[in-house]
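Reading through the structure tokens given below for one structure.
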Amino acid sequence: MTAQPANFSAESVSAASLPKPVPLRPTVNLTVLGAGAWGGTLATLAERNGHRVRRWSRRFHAPIEDSLIGAEILVSAMSIKGVVELAPRLGQIGIDPATILVSATKGLDPETGRTPTQLWRDALPQQAIAVLSGPNLAKEIMQDLPAATVVSSSDAAAAQFVQRVFASERFRVYTNTDPLGTELGGTLKNVIAIAVGVCDGLKLGTNAKSALITRALAEIIRVGTYLGGETDTFFGLSGLGDLLATCNSPLSRNYQVGYQLAQGLSLSRVLADLEGTAEGVNTANVLFDVAQREQIPMPIAHQVYLLLNEQITPQQAVEALMERDLKSED
Ligand SMILES: NC(=O)C1=CN([C@@H]2O[C@H](COP(=O)(O)OP(=O)(O)OC[C@H]3O[C@@H](n4cnc5c(N)ncnc54)[C@H](O)[C@@H]3O)[C@@H](O)[C@H]2O)C=CC1
Ligand SMILES: O=C(CO)COP(=O)(O)O
């Protein structure tokens, strides 16, 4: 007879052979504002987890008030233009104080330079607000490829609630407590993805691309911490992670803008042919103003700004970056 392990018992065998209990996931009512690529993807992720999802878009011509009733989570997945318009309107309408607002937008208000969650906070001062951001190309997630993201809030319980709603075996959701750093990482990398698209479009090689992304991260951290984000956050999924995703994928609209500009197309032509929003174009303009006003050195973002505003060619942008005064690596 074979020897049994010391802790063997009939009871432990039957317990081990049972399937693992599936943690109960209560059904949550969600409303997703914005039915573009990202709004559609987040709605699908929540639906796949068994939640009840309502979708609202300005294109549906349905009153927004109806879609807010009973929402435990309100996901804002509009472009920044939509947030600028809609946040004050929802502030006037008022929403249930228990509803958690989740911001998934990566942009800056062109007028005030405020981030999406700052705009939501201005409009809804009492609301629990979380940011959802990470290396999340919508098309890959819709193909059910594995991905990870971050849900960030100063309200840890709210972040954990949202984490459980979206997490699945194909979508791993982390939390952190630096919402500003989390959303700034996602917003600032869009400008850099334009620069990297130019670099690839001009076929400048792997050394150039690696140098560009690395120096861009230093630039993101410089301005991001100045604006209130925490350094560590910029090395996480919503910072470096998202920077790598958008700088390495032709699926990124921002990367595509840079790539097409490097082919000699005009910005208006590129944007006319682009499928969806490239937030980096507006963000580059806002960032230029901030950097000028606050005297924050942002050489890469500066060249992107000049290129988008047709003040230089892609080749001149590269030359300007390479010919800067020599300095230490800080
Ligand atoms: N597509 C992606 O892979 C990801 C996108 N994001 C961010 O999510 C946001 C939306 O991106 P996409 O869905 O890809 O863009 P999209 O161009 O596909 O959709 C934009 C959405 O915003 C809405 N919108 C625009 N202006 C509006 C206004 N004035 N009022 C109301 N709604 C308005 C549009 O109707 C549309 O539903 C952007 O900030 C983007 O950076 C974030 C992560 C991934
Ligand atoms: O933010 C994104 C991926 O995380 C989407 O990037 P684009 O907006 O450049 O397509």
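Indexing begins at 1, ligand by ligand and atom by atom, following the structure's order. Please read all numbers here as calculations on a predicted model, not as lab measurements.
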For ligand 2, is there an N or O atom under 3.5 Å from any N or O atom of [X]?
{"X": "Thr246", "answer": "no"}
{"X": "Asp242", "answer": "yes"}
{"X": "Gly134", "answer": "yes"}

Have a look at ligand 2 and work out which part of Lys106, if any, has a heavy atom under 4.0 Å from it: side chain, backbone, both or neither.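 Side chain only.
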Are [X] and [Y] linked by a side-chain donor-acceptor pair shorter than 3.5 Å?
{"X": "Tyr255", "Y": "Asp200", "result": "yes"}
{"X": "Ser133", "Y": "Glu183", "result": "no"}
{"X": "Asn309", "Y": "Asn285", "result": "yes"}
{"X": "Asn190", "Y": "Thr283", "result": "no"}

Identify, by atom number and element, the atoms of ligand 2 in contact range of [X], meaning under 4.0 Å from any of its heavy atoms.
{"X": "Asn136", "value": "3 (C), 4 (O)"}
{"X": "Asn254", "value": "7 (P), 8 (O), 9 (O)"}
{"X": "Lys189", "value": "1 (O), 2 (C), 6 (O)"}

Please determine if Arg293 and Asp289 form a salt bridge, counting it only when a charged side-chain N lies under 4.0 Å from a carboxylate O. no
Closer than 4.0 angstrom, basic N to acidic O: yes or no for Glu279 and Lys189? no
Check whether any side-chain heavy atom of His302 lies under 4.5 Å from a side-chain heavy atom of Phe288, and answer yes or no. yes
Do we get Arg172 above Tyr174's six-membered ring, with its NZ or CZ under 6.0 Å from the centre and within 45° of the axis?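 Geometry flag: set, cation within 6.0 Å and 45°.
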For atom 8 (O) of ligand 2, closest protein heavy-atom neighbour: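 I find the closest protein heavy atom is Arg253 NH2, 3.0 Å.
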Does one hydrophobic cluster hold both Tyr259 and Leu243, with members joined at side-chain heavy-atom distances below 4.5 Å? yes
Under 3.5 Å, sequence neighbours excluded: what are the donor-acceptor pairs made by side chains of residues 318-329?
from, atom 1, to, atom 2, distance (Å)
Lys327, NZ, Asp330, O, 3.4
Ser328, OG, Asp330, OD1, 2.3

For ligand 1, the residues whose heavy atoms come within less than 4.0 Å (ordered by chain, then number):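 Protein residues near ligand 1 are Gly34, Ala35, Gly36, Ala37, Trp38, Arg58, Arg59, Ala77, Met78, Ser79, Lys81, Gly82, Glu85, Ala104, Thr105, Lys106, Asn136, Leu137, Ala138, Arg253, Gly276, Thr277, Glu279.
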